[in-house]
Amino acid sequence: MSVNGEAVRVTTETDQTDEPGWEVDPDDDWALAVVATVGRQLRLRREAAGMRVGDFAVAVGYGDDLVYKIESGKRIPRPEYLDTADALFNAEGLISAMKEDVKKVRYPKKVRDLAQMEGRAVELQLYDPLNIHGLLQHPEYARTLLSMRRPAYSAGEVEQFIAARVARKAIFERDPAPELSFILEEWTLRRPLGGRAVLRAQLEHLLEARRLRNIELQVMPMERDEHAGVDGSIEVLKFDDGSAIGRSPAVANGRPVYDLKQLRILELRYGIIRSQALTPRESTAFIEQLLGEA
């Protein structure tokens, strides 16, 4: 089958309806509203074109049941589904334009909220003592970490979280770019989670990130006999209006804090950790050394 001369892949209903990761979170009101609106627009366009569900399903290469679920707001349509529908209905890009909103609602609400804050921040100070920070994770490293969680995530949840982490990296492409400071623990750079190939890819990924002028990476060596980060992770995000938000398990039980006194505590602790870590130049050389050993 073809649409405007281009081939359309026809798959079975089972191939698509059983694929995880495209369900709508029933507790996410905004996602429900977006997907319901998109589904309604697709149904109206199909009906206006005089197409039955079965005919449309064949044309887009999906099963009847999936079309019903998408049109009733119970399933998130894939980008290619919207593009094909746009071509079939001669919508001149109006249906394809919905891909951006649909893309956002595929990610969990808490990830969207975090990405929104990161997208507004002009400065970020980030320290994770357990793993390489999510913004710096290579996709295969992220997949390895998510696959090791217990109780285990479903395959769909793993793919959803990976897609969300990749999407958060849009922060690196912002103009003007924010200032990002990361402190990494040496042992997280040595631990071969997923195997040596994954570790090498992750170390190379860090060195690529280090080349960006707005990113500063520092490594905390295991040999240090003083470490101000024993109370856990630290996140401080600063905004252009002078406000800030911070979070650490040692302050307010890990809840986001806005209070100036608590933010000063987090910044003080972060500053001490930075002074105890290797300098950015030393850290780059250290990561290059580890890559050579991996």
* Does the Ser72 side chain pair with the main chain of Lys69, one donor and one acceptor, at a distance under 3.5 Å? -> yes

* Does any pair with a residue in residues 252-278 pass ring pair (Phe, Tyr, Trp, His ring centres under 6.0 Å), and if so which ones, sequence neighbours excluded? -> none

* Asked: Do you know the tightest heavy-atom contact between Arg210 and Pro280?
  -> NH2-CB, 3.7 Å

* Kindly indicate whether the side chain of Leu82, heavy atoms from C-beta on, has any atom under 4.5 Å from the side chain of Leu42. => yes

* Asked: Heavy-atom distance under 4.5 Å between the side chains of Ile171 and Leu135, does that happen here?
  -> yes

* More than 12 heavy atoms from other groups under 6.0 Å of CZ on Arg191 -> yes

* Within the side chain of Glu47, is there an N or O that forms a donor-acceptor pair under 3.5 Å with the backbone of Leu44? -> no

* Is it true that a side-chain atom of Ser283 and a backbone atom of Val219 form a donor plus acceptor pair closer than 3.5 Å? -> yes

* Asked: Does NZ or CZ of Arg45 lie under 6.0 Å from the centre of the six-membered ring of Phe89, at an angle within 45° of the ring axis?
  -> no

* State, without any angle test, whether Tyr127 and Glu235 hold a side-chain donor-acceptor pair at a distance under 3.5 Å. => no

* Identify whether Leu212 and Ile132 are in the same connected component of the hydrophobic contact network (ILVMFWY, side-chain heavy atoms under 4.5 Å). => yes

* To do: May I ask you to decide if Phe182's main-chain N or O and Glu216's side chain share a donor-acceptor pair within less than 3.5 Å?
  => no

* Looking at Gly134 and Lys169, what are the two nearest heavy atoms and their distance? -> O-CE, 3.9 Å

* Nearest heavy-atom neighbours spanning Ala209 and Leu136 -> CB-CD2, 4.1 Å

* Ignoring hydrogens and angles, state whether a donor on the side chain of Ser233 or Asp128 is under 3.5 Å from an acceptor on the partner side chain. => no

* To do: Is it possible for you to say whether Val251 and Ile183 belong to one hydrophobic cluster, with membership spreading through side-chain heavy-atom contacts below 4.5 Å?
  => yes

* Using links of under 4.5 Å between side-chain heavy atoms of ILVMFWY residues, direct or through other members, which residues join Val122 in one cluster? -> none

* To do: Show which residues join Leu268 in its hydrophobic cluster (side-chain heavy-atom contacts under 4.5 Å, direct or indirect), or state none.
  => Ile272

* Asked: Is any side-chain heavy atom of Pro77 less than 4.5 Å from a side-chain heavy atom of Val38?
  -> yes

Under 3.5 Å donor-acceptor pairs involving side-chain atoms of residues 285-294, not counting sequence neighbours:
{"from": "Gln289", "atom 1": "NE2", "to": "Glu293", "atom 2": "OE2", "distance (Å)": "3.2"}

* Applying side chain to side chain contact (heavy atoms under 4.5 Å, CB included), run through Val60 and Leu88 and close with a yes or a no. => CA-CA 9 Å; Val60 295; Leu88 280 170; 3.8 Å; yes

* Is the closest side-chain heavy-atom distance between Leu206 and Leu189 below 4.5 Å? -> yes

* With sequence neighbours excluded, residues passing salt bridge (charged side-chain N to carboxylate O under 4.0 Å, His left out) with Glu204 -> Arg200

* Can you pull the ring pair (Phe, Tyr, Trp, His ring centres under 6.0 Å) pairs that have at least one residue in residues 197-226, sequence neighbours excluded? -> His138-His205

* CA sep, side-chain torsions, deciding dist, call: Leu184, Gln218, side chain to side chain contact (heavy atoms under 4.5 Å, CB included) -> CA-CA 6 Å; Leu184 310 170; Gln218 291 183 248; over 6 Å; no

* Identify whether Val257 and Leu237 are in the same connected component of the hydrophobic contact network (ILVMFWY, side-chain heavy atoms under 4.5 Å). => no

* Can you find a heavy atom in the side chain of Met220 that is under 4.5 Å from one in the side chain of His227? -> yes

* **Option passing side-chain hydrogen bond (donor to acceptor under 3.5 Å, both in side chains) with Glu71 (candidates Gln41, Arg40, Arg46)** => Arg46

* To do: Could you give me the CA-CA distance, side-chain angles and deciding distance for Tyr68 and Tyr62, then say whether ring pair (Phe, Tyr, Trp, His ring centres under 6.0 Å) is met?
  => CA-CA 11 Å; Tyr68 280 119; Tyr62 289 73; over 10 Å; no

* To do: May I ask you to say whether Arg168 pairs ionically with Glu118, meaning some side-chain N is under 4.0 Å from a carboxylate O?
  => yes

* To do: Verify the neighbour count for atom CZ of Arg52: are there more than 12 heavy atoms of other residues, nucleotides or ligands below 6.0 Å?
  => no

* Asked: Going by heavy atoms in the side chains, are Pro249 and Asp231 under 4.5 Å from each other?
  -> no

* Asked: Are Glu140 and Arg143 close enough for a salt bridge, meaning some N to O gap below 4.0 Å?
  -> yes

* Can Phe56 be reached from Ile76 by stepping across I, L, V, M, F, W or Y side chains whose heavy atoms are under 4.5 Å apart? -> yes

* For Ala177 and Asn214, which heavy atoms make the closest approach, and how far apart are they? -> CB-ND2, 3.5 Å

